[in-house]
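The next block holds one structure in the form of structure tokens; read it before the comments.
First the proteins, then the strands, lettered A, B, ... as listed; each starts at 1. Note that the structure is predicted; figures quoted are calculated from it, not measured.
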Protein chains: 2
Amino acid sequence: MTHADLFRALADPTRRAVFERLAAGEMTVSELKAGFAVSQPAISQHLAALRGAGLVEERRQGRNAYYRARPEGLAPLTDWVERYRTFWPARIAALKDVLKGMDQ
Amino acid sequence: MTHADLFRALADPTRRAVFERLAAGEMTVSELKAGFAVSQPAISQHLAALRGAGLVEERRQGRNAYYRARPEGLAPLTDWVERYRTFWPARIAALKDVLKGMDQ
DNA sequence: CTTCCAAATAAGTCGGTGCTTATGTATCGG
DNA sequence: CCGATACATAAGCACCGACTTATTTGGAAG
């Protein structure tokens, strides 16, 4: 699982949409397919790509495959961005606000 | 400049490398080319893609084109990631530490 | 076992993308 | 002007990537 895999996985709109739907909750391939205008093999292929990028996990049960998002898989991406946050002071304040709101 | 443009622009390794080099400082196309094993037109094409994604700015002076990174262009990307940070509590603490260190 | 269903894999098509070489457009220096 | 330099654009090519249909694998159910 390399940097390039991650970026390339997210480059496709359909694949991003799949990830977004899985972030909402675990789902089988059939349930996923229902939301998209592509064939079942296409979905399986996207899932394989997302899996290779560390963005998705699967759990087999009977003849169903349950997939769920793996948000930690985004870590390499944010780490990469982090390197340029130095040159990007404007957004730091906003981010601080977000985190402040998370304090309990 | 859409989400897809940004993600696709970053999907190419050479293009990411170009962006990274430009983040270190403004540079002409010729200077950029020196660091890569591709032709000058290839560099210009990558720069056009990065420019279309809002990741790069140019400044013309005489017959030189000075390019510099535009880190704010990464905003749509971090905004997108931010939506999944909710499902990703593990990294919040680390990020808080980073921001804490930025306090003066 | 046979049939049905969920999902993955195979194989082929087709447009997109990254590269090349060739050419165009300015600008600088003589 | 003129040649040289910096960069962009054009055109062609090879590969990749997303899709399709067809087929395979494997569990569930009769």
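Closest non-hydrogen pair, B:Leu6 versus B:Pro76, comes out as CD2-CB, 3.7 Å. Closest non-hydrogen pair, B:Glu58 versus B:Ala65, comes out as OE1-CB, 4.3 Å. Taking all atoms of both residues into account, the shortest heavy-atom contact from B:Ala69 to B:Val56 is CA-CG2, 4.4 Å. Closest heavy-atom contact between A:Thr28 and A:Glu31: N-OE1, 2.9 Å.
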Please list, for nucleotides 27-30 of chain D, all pairs of protein and nucleotide N/O atoms separated by less than 3.5 Å.
unit_1 : atom_1 : unit_2  : atom_2 : d
D:dG27 : N2     : A:Arg63 : NH1    : 2.9

I'd like a list of close polar pairs between nucleotides 20-23 of chain D and the protein, N/O only, cut-off under 3.5 Å.
unit_1 : atom_1 : unit_2  : atom_2 : d
D:dT20 : OP2    : A:Ser39 : N      : 2.9
D:dT20 : OP2    : A:Ser39 : OG     : 2.8
D:dT20 : O4     : A:Gln45 : NE2    : 3.1

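Taking atom NE2 of residue A:His46 and atom C1' of nucleotide D:dG17, one finds them 10 Å apart after rounding to whole Å. We find that CZ of A:Phe36 is positioned 14 Å from P of D:dA18, with the value rounded to whole Å. A:Glu58 places its CD atom 9 Å from the P atom of C:dT9, with the value rounded to the nearest Å.
Under the 4.5 Å side-chain heavy-atom criterion for grouping Ile, Leu, Val, Met, Phe, Trp and Tyr, B:Leu47 is not connected to B:Tyr66 through any hydrophobic cluster.
Residues B:Leu77 and A:Leu10 are not in side-chain contact: their nearest non-hydrogen atoms beyond the backbone lie 4.5 Å or more apart. You'll find the side chain of A:Thr78 stays beyond 4.5 Å of the side chain of B:Thr78, heavy atoms only.
For C:dA7, one of the phosphate oxygens OP1 or OP2 lies less than 4.0 angstrom from a side-chain nitrogen or oxygen of A:Asn64. In this structure, B:Arg8 does not reach the D:dG17 phosphate: none of its side-chain N or O atoms is under 4.0 Å from OP1 or OP2. Here B:Tyr67 reaches the OP1 or OP2 of D:dA8: one of its side-chain N or O atoms lies under 4.0 Å away.
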Could you list the donor-acceptor pairs under 3.5 angstrom formed by side chains in residues 36-44 of chain B, with sequence neighbours left out?
unit_1  : atom_1 : unit_2  : atom_2 : d
B:Ser39 : OG     : B:Ala42 : N      : 3.4
B:Gln40 : NE2    : B:Ser44 : OG     : 3.1

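Contact check of residues 26-34 of chain A against DNA chain C (heavy atom, cut-off under 4.0 Å) returns A:Thr28, A:Val29, A:Ser30. For the contact set between residues 9-17 of chain A and DNA chain C, defined by any heavy atom under 4.0 Å, there are no members.
A:Arg21 places a side-chain N or O within donor-acceptor distance of the main-chain N or O of A:Leu32, the cut-off being under 3.5 Å. Of the possible polar contacts, one joining the A:Arg15 side chain to the A:Ala9 backbone as a donor-acceptor pair under 3.5 Å is found.
The distance from the CE atom of A:Met27 to the CZ atom of A:Arg68 is 13.0 Å, given to the nearest 0.5 Å.
The existence of a salt bridge linking A:Arg83 and B:Glu20 is confirmed by a sub-4.0 Å separation between a basic side-chain nitrogen and an acidic carboxylate oxygen.
Pairs engaging residues 9-32 of chain A under the ring-ring contact (aromatic ring centres under 6.0 Å, His included) rule: A:Phe19-B:Trp80, A:Phe19-B:Tyr84 [sequence neighbours left out].
Residue contacts for B:Tyr66: at a heavy-atom cut-off of 4.0 Å it reaches no nucleic acid atom on any strand shown.
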